[in-house]
Amino acid sequence: MLGPIILVLFAIATGIVIWRHNGGVGRFRERGWSLFILVIGALYSLAILLNMPIPNPTDWISAVLAPIYKPILAWIEEGM
Amino acid sequence: MSKFAGINNAEISSGQAAKILIMFAQGSAALILPSAVTAIAKQDGWLSMLIAGPFNYFILLVYLALADRFPNMSLAQYAEKIVGKWAGKALTFIYILFFLLLSALVLRNISDFMSLSVLPLTPEWFIDSTFMLVVIYGVFLGIETIARTGEILFGWGMLVIVIIIFSLFNQFSFQNFEPVLYEGVLRPLKGVYPILGFPIGEFVFITAILPLVRKQDRKKLRKSLKTSVLLITFLSVLITVFLVGVMGVDETSRSPFAVYDMAKNINIEEILVRVEILVAMVWIGTVFMKLALCVYVLAVLTAQMLNLSTYRTLIVPYAFIIVPLSLIAYRNVAHSRVFAMGVWTVYSLFHGFLLPFLLLMIAMIRKQRDSSDGGFPEIKPQKSQDAQQTDMTNEKIGTPDQEPAKA
């Protein structure tokens, strides 16, 4: 359980730095988008640490591109 | 030079751009690619590397043609000019996903290598996180710093390659190349397939770097990139020739990190031994370059798509996605090999060739050209509170060369 706690603390610390730094120089748009990406990343990491079922992007891409790459691979492996 | 020089709108030379390209091509590909190519093309793998050279140059020509039309803009910016604002943003988002995944895969390559060869007991998340910290710092400092680091690492990389090549001459056997072209030209042609995606399709990162090349250096850019393509091809052929010549086809195609394993064979009179760590050091350097460039381009494209004034605030948040993504991207080394050598080529060519080629065609048909500046907005030094107060007082009483404000 230590991993998720450290991760959350680190994400909060990063968020505070982003909030204060960007707010201090009037970059509110930058602050909003940075925090948005940070929250996505923190949730994603947390889901992995808590062993939640996470979709794997490489599996998605393999499934989508299967009609294209499989015939090519079959042709390449022909006679090997 | 202003306090904020180099933070956003940095400049590099054409030579630095060429070295960046070489380091990007050698990073991760040099250690992994030859075994995949040798598995397909057997002893004619070096011919596949040679055939890939012109493809390499052709893809760069597409990027250069786009850069000629939009010299001061990155892909994210001219995509909006060519296909319209929202379609351009959608296209940039596709590239953001591409570079996000590419960054995760490159990070996974290094953690696989470290955990299999150098640090078997260290958890992968720790290797990933520590490596990512250095990359974050590098990207934070900007493209000029990355380019200068590339220049240093380029020299060391060349030196190590020369040491390895000279040290392995005594174990080189020409018999490992026989019979040459035993199945005709088809086998080496098939061997080109993994090279097209890894690293040729990934060269699309250069579209975000080309507008940063110094204006007075732009004329030399084409020549520098041509030289870098020649050098990339030469190095790939040289590495493959020595792998097959020293280790043979079977061992090369089975080894996950063939160049590292080849360096283990170096033994000169029991004096020069165990130099494989030199390969590891140089490879870590080249992978650092590749990952830093991927994260830099990822952050820059995102900032340009969202009309932000700086990319730097996005780097650490992106690291929170890249590290976990690298941990789950591959189930094991075998899966990484199947994905990288089978699926990745199609995925990478879609981003690296098809989309830029379509953009170029549309720009040519519409006769679009734009030399306006696509850089980030200037960051001006903030005035201190004292200076602001003085300004306000001046506004009230009027400065010496102004009339006092009337009541």
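The figures here come from the full heavy-atom set of this structure, side chains too, leaving out hydrogens, waters and symmetry mates. A quick note: this is a predicted structure, and the numbers were derived from the prediction, not measured.
Nearest heavy atoms, B:Pro188 versus B:Leu181: CG-CD2, 3.7 Å. Closest non-hydrogen pair, A:Glu30 versus B:Ser309, comes out as OE2-N, 2.6 Å.
Of the two parts of A:Ser62, the backbone and the side chain both hold a non-hydrogen atom closer than 4.5 Å to a non-hydrogen atom of chain B. Looking at A:Ala11, the atoms closer than 4.5 Å to chain B (heavy atoms on both sides) sit in the backbone and in the side chain alike. A:Leu43 does not touch chain B: none of its heavy atoms, backbone or side chain, sits under 4.5 Å away. The parts of A:Ile61 that come within reach of chain B are both its backbone and its side chain, each placing non-hydrogen atoms under 4.5 angstrom from that chain. For B:Leu327, no part sits under 4.5 Å from any heavy atom of chain A, backbone or side chain. Heavy-atom distances place both the backbone and the side chain of B:Tyr318 under 4.5 Å from chain A. There is no contact between A:Phe36 and chain B, counting heavy-atom distances below 4.5 Å. With a threshold of 4.5 angstrom between heavy atoms, B:Leu101 approaches chain A through side-chain atoms but not through N, CA, C or O.
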Under the criterion side chain to side chain donor-acceptor pair (under 3.5 Å), I'd like the reasoning laid out for B:Ser35 against B:Thr252: C-alpha separation, chi angles, the key distance, then a yes or no.
CA-CA 5 Å; B:Ser35 43; B:Thr252 304; over 6 Å; no

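Ring geometry for B:Phe98 versus B:Trp344: interplanar angle under 30°, hence parallel rather than tilted (30 to 60°).
Judged by distance alone, the side chain of B:Ser115 and the main-chain N or O of B:Asp112 form a donor-acceptor pair under 3.5 Å.
Salt-bridge check for B:Glu124 with B:Arg108: passed, with a basic side-chain N closer than 4.0 Å to an acidic carboxylate O.
Defined by atom type and a distance below 3.5 Å, a donor-acceptor pair is missing between the side-chain atoms of B:Trp86 and B:Glu80.
Contact count versus chain B (heavy atoms, under 4.5 Å) is highest, among A:Leu38, A:Val39, A:Thr58, for A:Thr58.
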